[in-house]
Amino acid sequence: MAEILICEKICKSFSGIEVLHDVDFSVKEGEIHALVGENGAGKSTLMNIISGVIKPTSGKIYKHGKEIVLENPLDAFKEKIGIVHQELSIADNLTVAENILIGREPINKLGFIDRKELNIQAEECLNIMGISIDPRIKAGSLSVGLQQVIEITKVISKNIEILILDEPTSSLSEKEIQNLIQLLKRIKEERNLSIIFISHKLNEVEILADRTTVLRDGYVIGTLKREETTIPKVINMMIGRDLDYHKSMLSKNDFGNVILKADRLFGKGFSDISFEVREKEILGVFGLIGAGRTEMACALFGYDKLNSGEIMLKGNNLVIDNPKKAVENGICYVTENRKELGLFLTKSLKYNTIASSFEEFNKFLGVMNEKKADIVAEKYVKELQIDPPNINQNVFEYSGGNQQKILISKSLAAHPDVLIVDEPTRGVDVGAKEMIHSILRELANNGMAIIMISSELPELLKLSDRVMIMHEGIQKGTLKNDNLTEEDVMSLAYAEG
Amino acid sequence: MREKNKLYKQIIENRLTTLIIISIIIILMLSILKPGTFLNYSNFSGIFTTMSFDLLLSCGMTIVLIVGGVDLSVGAVVALASIISAVLTKRGMGVFFTIIITILVGAIVGIINGILVTKFKLAPFVATLGIQSIIRGFCYVTTSGYLISGLSPAFTNLSRATIVFIPSLVLISVILSIIVGILLKKMNLFKQMYMIGTSPKSAEMSGIPADKLKVFAYMLSGFFAGLSGVLIASRYGMGAATYGIGFESRAIAASVIGGAVMSGGEGDMFGTMFGVLIVAVVNNAFIQFGGQAEWQYAVSGIMLLITLYADRVKLSAMRRRGH
Amino acid sequence: MRSKQENNKKLFLLNKLKSLDVQNYVLIVLMILLIVSISFVNPKFLRLRSFEAMINNYTLEGIMALGMTLVIISGGIDLSIAGIMPFSAIIYAYLIKAEINIYISMLIVLIIALFLGFINNFLRSLLKVHPFVVTLAMQLTLKGLNLVITDSQVITDFPENFTKLSNVKILGLSIPILVLIVLVIFYGVMLSQNRYFRYVYFVGSNPRAAELSGINTRRYFRFIYMQSGLLAGIAGIIACFIFNSAHASYGTGIETRVITIVAAGGASMIRGGIGNIRGTVLGLIFISMVYSSFIMSGISTYYQDVVTGLLLILAVVFSEKFREINIKTNIFKKREEENV
Amino acid sequence: MSKLKKGMALFISLIMLFTLISCSGKKDDSDDAAKTEEKPEELYSMVVFSKGSEYFNWTYAGFVDAAKSIGSHIKTELVGPPEVDAAAEAKAMEQLIAKDVDGIAVTSADSATLVSSINKAIDDGIPVISFDVDSPDSKRLTLVGTDNVSFGEKAAEIANELVDGEGQVAILYVPGNVDLEKRLNGFKDKCAEEYPGVEVVAELNHEGEVVQAEKVTMSLLQSNPDIDVIFVTEGLGAAGVAAAVRSLDMGDNVDVIASDFNTATNDLMEAGEVAATIVDDPYFIGYYAFLNLHAAAHPTDRPSDNPPFGYVVSTGIYCPISGVMAEDLADGTIADKYLNPPSFD
């Protein structure tokens with residue numbers, strides 16, 4: 001197989017900070033090439049350079065041995081390089097056909113869109129992908145999975161030779177992911193397409209990739225062939241050290257009383273969920289995206305509507321219809337979407353820390369007790385080792401891991417009895433991940449009840465004392481973590497009935 | 001060179017300092033150009049008196065902008081309040097109760113605005129524009145265009161008296177805006193409002209009662225508009241449906257000049273005070289120099305643009321320092 | 001295979017039905033109710049000339065509403081039209097009074113209006129703030145400028161060749177109405193058939209994605225604000241045709257009326273990417289009908305403001321409500337998935 | 001779904017309300033109609049540029065009373081935008097033409113904007129006369145109004161009296177408003193001709209608004225502290241000027257001459273803050289406007305140069321102007337005349 005694309009000594013700096021160092025990277029014809037690395041390793045930057053979104057500071061790109069210069073995304077398309085970004089670029093109000101053929105609509109003599117031709121062409125494109133959707137319906141009425149497929153159709157139909165997929169599975173359900181994987185394998189075969197595939201999910205990488213390139217801190221660490229690719233090896237390359245990912249952090253102490261008990265919760269996206277969580281216990285909730293776990297947590301927390309069900313806190317019945325009430329009753333929720341639902345990016349660390357516990361900082365007549373706030377913020381900065389330890393710095397200046405710690409400290413400052421953490425290590429580098437894990441364990445050991453939602457099984461198995469498994473809104477069961485394995489959990493998740 | 005750059009940055013970044021410096025420069029320039037008639041007690045008491053209505057409205061507007069909203073109904077509420085207070089005094093109600101009831105009505109209008117924005121999820125701009133129309137129309141319907149005058153001296157003295165050489169209007173408006181300024185800086189409640197404006201969803205998820213505080217912010221805006229209406233009726237001795245046309249744009253301009261941003265989460269009442277002052281001084285100068293008073297609209301517009309530009313410079317400076 | 005195709009067809013029809021904006025139908029029903037109730041009070045309401053007057057009165061708003069529709073679909077707002085419209089009228093009046101050819105003057109005014117639209121967008125992208133503030137600042141500035149350059153005077157006594165032109169009627173229609181009709185058709189066709197115009201939906205619902213798909217959004221937003229400015233410029237010239245004079249006050253409150261029309265037509269004020277010309281035209285007819293019904297039925301025009309406000313709020317509340325319902329009915333999504 | 005239902009209910013109830021309002025308007029008419037003899041109903045409209053003004057309520061009062069004197073089959077209505085807006089006034093004219101009323105009396109916000117709609121009405125066979133503010137370039141049949149030049153001259157007379165022939169005067173007006181400009185010029189010309197000692201030192205725009213009037217006066221009195229008289233050419237501004245003078249404590253040095261008589265001006269005169277006001281008689285104007293309009297709508301058989309309308313060929317009817325000094329209020333008759341505003345919708 002010939003190499004279709006070669007990147008040679010690509011460097012990129014943003015305002016003086018170099019994020020890519022002499023990166024060499026190549027893709028062969030008709031291969032699926034996975035690109036992995038921690039957050040901030042430079043994957044997206046590299047892909048943005050290849051797809052013409054940004055320009056490299058130095059370095060050259062060759063396609064078929066010829067040097068190419070990409071000024072903007074259009075140039076990349078001209079070179080038959082197409083990218084599907086993480087966030088979808090579907091216009092809800094345009095039809096499927098228009099979405100697919102945007103920018104290349106067939107035009108009739110009057111210069112208007114030739115609808116008939118448009119629909120025929122779109123249908124052809126969809127047929128090639130092996131899906132039958134009426135191209136005349138509005139794209140907004142399709143599911144996210146289908147929208148993703150349309151997006152890929154759109155890019156592929158531009159007769160591209162190289163397809164870049166940036167985290168294509170991050171918002172898909174398990175079934176949709178399987179469909180997508182099949183689809184990618186097929187079109188690779190049929191069209192001899194080269195695919196560059198960015199993912200966090202190493203199991204997908206293992207299944208799909210012909211080769212895998214690992215980036216760390218802007219350097220290429222190495223490229224693995226299919227037969228060499230194993231998850232531990234990849235992880236090792238990503239973080240630069242062996243991580244005992246399965247070292248258990250289970251508690252050794254006895255659990256206390258039941259703190260939170262949920263009985264037959266129904267709501268949008270989940271139904272009939274019951275569970276209880278005790279002092280000093282971490283209850284893991286496993287489920288992939290679309291399993292209804294975040295929806296359940298939001299409803300429990302009063303952010304979304306709970307249709308029916310009872311919540312008992314320390315034996316008392318409780319109706320939680322807004323987050324304020326939840327916080328007042330000692331239930332805190334650490335969201336998975338920290339930028340939109342969690343943090344106040346343009347406000348200081350201090351104010352972010354006390355955001356859930358404002359009322360505790362009243363001096364007299366509602367005057368803010370700044371001194372106390374300083375003390376509290378300092379305390380959490382120290383305990384969670386937030387870096388840099390400047391409580392007056394704006395949160396958007398912190399890295400992802402530190403932002404996550406700030407988010408956790410916000411909840412901690414409200415002295416919760418029950419802490420719900422949703423994907424606590426999403427978008428966090430491995431070092432910080434480890435740290436967050438030990439913080440959570442520590443909290444539980446000190447008496448807090450923790451509900452930890454995650455789609456990463458290793459993380460769950462490492463931390464949680466029991467694991468509740470959710471799948472497509474339904475509770476599949478709860479397992480005690482006595483040497484529980486990933487297979488146990490997955491088989492229960494996909495069990496019938 | 002570097003030092004200089006730093007100083008420049010600091011000045012640009014601290015809105016209040018910038019505004020104070022600009023006001024001083026303008027005032028100095030005018031005092032030199034018009035010795036005797038510009039920089040004296042009575043001219044400034046005049047400037048402060050006539051800007052006091054704008055100042056009061058800006059208090060409310062700054063708060064609403066902080067929570068990420070905007071209130072276009074304030075001008076109409078001024079008219080409504082002037083009519084209500086005039087009618088009540090004419091019916092023989094005491095000054096105190098007149099004020100209380102009128103301000104309550106203003107606050108109720110504010111609450112309606114707030115509910116439309118929070119419960120009905122209307123864009124603040126649309127909701128308050130609609131309410132503006134409704135209230136203004138209501139004023140015309142109830143008065144049929146008649147002025148309501150013949151108000152009791154006890155009521156009219158409210159904004160005509162001077163207390164220790166300072167006109168009561170100036171005293172009320174300046175003291176209230178200073179109080180608002182301090183409250184914004186010190187009070188827990190208002191700190192929460194800043195958080196709401198920064199990220200409404202995060203605020204709700206953090207357990208900050210976002211909707212309630214938003215309604216409260218709009219209520220305060222209505223409150224200040226109501227108060228402004230009472231004072232305007234008292235000063236000119238009549239209630240009229242035509243008061244307050246275009247006040248809202250001036251209040252928005254002053255607040256934004258003072259440091260508020262339309263997307264919420266920022267705002268400084270002391271900055272706003274200087275925003276109002278600068279516009280008032282410039283307008284005063286236009287008349288004193290025999291220029292056309294119509295320039296005042298253009299002045300607010302251009303100043304607004306300059307401030308937005310300064311914001312931009314500040315932001316990119318921050319970005320450069322950050323990542 | 002056959003069943004699949006049939007299924008597809010059924011889906012398409014259902015989808016088509018759903019895509020028809022409920023709000024448009026509500027508007028039509030309301031209009032019928034209004035016509036019936038007002039003609040009951042005053043039968044003269046049903047005459048052709050009362051409809052003519054209705055449209056005559058809303059020519060300026062109608063022209064600008066077309067541009068505003070695009071701006072609102074793109075997720076923005078343009079308050080500066082209330083300044084640009086009278087500004088253009090005034091400049092045009094001065095130009096033709098200076099004996100410059102009336103067509104060349106038109107060209108000059110339109111270029112100025114385009115330029116003002118350009119400035120709007122330039123400031124918007126330079127300052128990176130919500131277009132509300134930028135266009136408000138433009139509005140204030142231009143309003144002041146209008147008063148200053150005219151000294152608040154009305155400009156009149158236009159040259160004879162202009163007044164002659166303004167009295168020309170083609171097929172019994174005056175020039176302002178013709179311009180409105182031509183523009184409505186142009187915008188209607190373009191927004192449904194022309195790919196460049198249709199990109200506004202893309203840019204409005206997801207500007208970043210549009211950019212990544214190769215649409216030059218910077219240039220596109222420039223186009224959107226410039227066409228809004230251009231239409232305000234055209235409206236300014238038309239104002240000269242209608243009134244045979246120009247005055248700084250012509251723009252008073254006009255932006256509110258234009259926005260109300262567009263909102264009543266179903267364009268979303270909250271999220272970009274929603275709205276169309278058909279809706280805006282319905283909104284235009286509806287709003288002008290409501291106002292004319294005041295005078296037709298002899299209700300005090302004092303109520304006009306009250307009703308404007310109510311209409312604005314209700315229009316927006318309902319368009320969002322209807323949309324919510326549209327989104328909630330996701331039976332289609334499930335069926336689609338099964339289909340694949 | 002229940003939300004939709006609720007919403008629909010609200011919408012429908014709004015429409016019903018609307019219908020109700022319109023029907024209730026109708027009801028009044030039909031009640032009156034019962035009393036009419038066989039004469040067909042006639043409708044005359046008074047169009048104003050700012051309905052939210054006390055002055056026009058007075059003119060309409062005269063209009064209504066004159067209509068009553070003709071007979072109960074005559075109906076009238078007051079139409080126009082609440083705030084000063086020439087374009088909106090033209091729109092109202094347009095609607096009235098479509099409504100096919102029997103006659104229109106109009107006061108124009110500016111001299112040009114309404115010309116085409118007035119001409120259109122005349123061409124459509126609807127008689128139009130101007131009242132108060134003229135639209136001289138249009139085909140309107142006549143004007144019933146005030147001679148604003150002598151209005152200004154009257155003010156000059158009083159100003160001369162107040163300063164004893166020697167002093168400085170400032171005038172507040174709204175540029176672009178023809179009437180106010182006439183008052184300004186009348187004042188200046190009279191001074192130039194007869195009172196050389198009275199000097200007009202400032203002409204300022206107060207936008208017809210109270211707060212702006214105060215701002216302008218404040219600044220003015222700073223730069224020109226020697227001003228003896230301020231003449232406000234329009235009805236609302238006096239309150240603002242008086243407020244400025246009061247707060248600068250210059251009441252002893254500065255005399256204010258107001259225009260028109262409204263309740264607010266009366267208060268100010270009683271308080272001694274306004275020295276005098278120049279009044280015309282809006283009621284008179286409205287009354288004669290109607291009579292002329294009615295006459296125009298009912299042409300006689302006599303041949304006329306003005307087909308198809310009647311014999312209204314006079315260039316205009318001007319109402320008398322008088323100056324009311326503050327001390328004149330003491331006898332009470334003047335205040336009585338003005339202080340009980342008629343009320344109607």
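Convention: sequence-line order gives letters A, B, ...; per-chain numbering from 1. Atom set for the values below is all heavy atoms of this structure, side chains included, hydrogens, waters and symmetry mates excluded. Fair warning: this is a prediction, and the values are worked out from it, not measured in the lab.
Annotation: residues 225-236 of chain B contacts chain D through B/I232, B/R235, B/Y236 [non-hydrogen atoms, separation under 4.5 Å]. Applying a 4.5 Å heavy-atom cutoff, the residues of residues 223-239 of chain D that approach chain B are D/S223, D/L236, D/A239.
Within the 4.5 angstrom heavy-atom criterion, only backbone atoms of B/L151 (N, CA, C, O) approach chain D. The part of B/F247 that comes within reach of chain D is its side chain, from C-beta onward, which places non-hydrogen atoms under 4.5 angstrom from that chain. Using a 4.5 Å cut-off between heavy atoms, B/S42 contacts chain D through both its backbone and its side chain.
We find the CD1-CD distance between B/I245 and D/Q212 to be 13.0 Å, quoted to the nearest 0.5 Å. The OG1 atom of B/T143 lies 8.5 Å from the CG atom of D/N57; values are rounded to the nearest 0.5 Å. Atom OG of D/S219 and atom CD1 of B/I47 lie 7.0 Å apart (nearest 0.5 Å). We find the OH-OH distance between B/Y146 and D/Y55 to be 13.0 Å, quoted to the nearest 0.5 Å.
No side-chain heavy atom of D/M218 sits less than 4.5 Å from a side-chain heavy atom of B/N43.
Across all their heavy atoms, B/S149 and D/A264 have their closest contact at OG-N, 3.0 Å.
Under a 3.5 Å cut-off, the side chain of D/D267 and the backbone N or O of B/G150 do form a donor-acceptor pair. Between the side chain of B/T50 and the backbone N or O of D/K215, no donor-acceptor pair lies under 3.5 Å.
Between chain B and the options D/A202, D/A242, D/A243, heavy-atom pairs under 4.5 Å are most frequent for D/A243. Ranked by heavy-atom pairs under 4.5 Å with chain B, the first of D/R246, D/E203, D/Q222 is D/Q222.
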Full working for side chain to side chain contact (heavy atoms under 4.5 Å, CB included) between D/E214 and B/T49: CA-CA 9 Å; D/E214 184 178 0; B/T49 312; 4.0 Å; yes

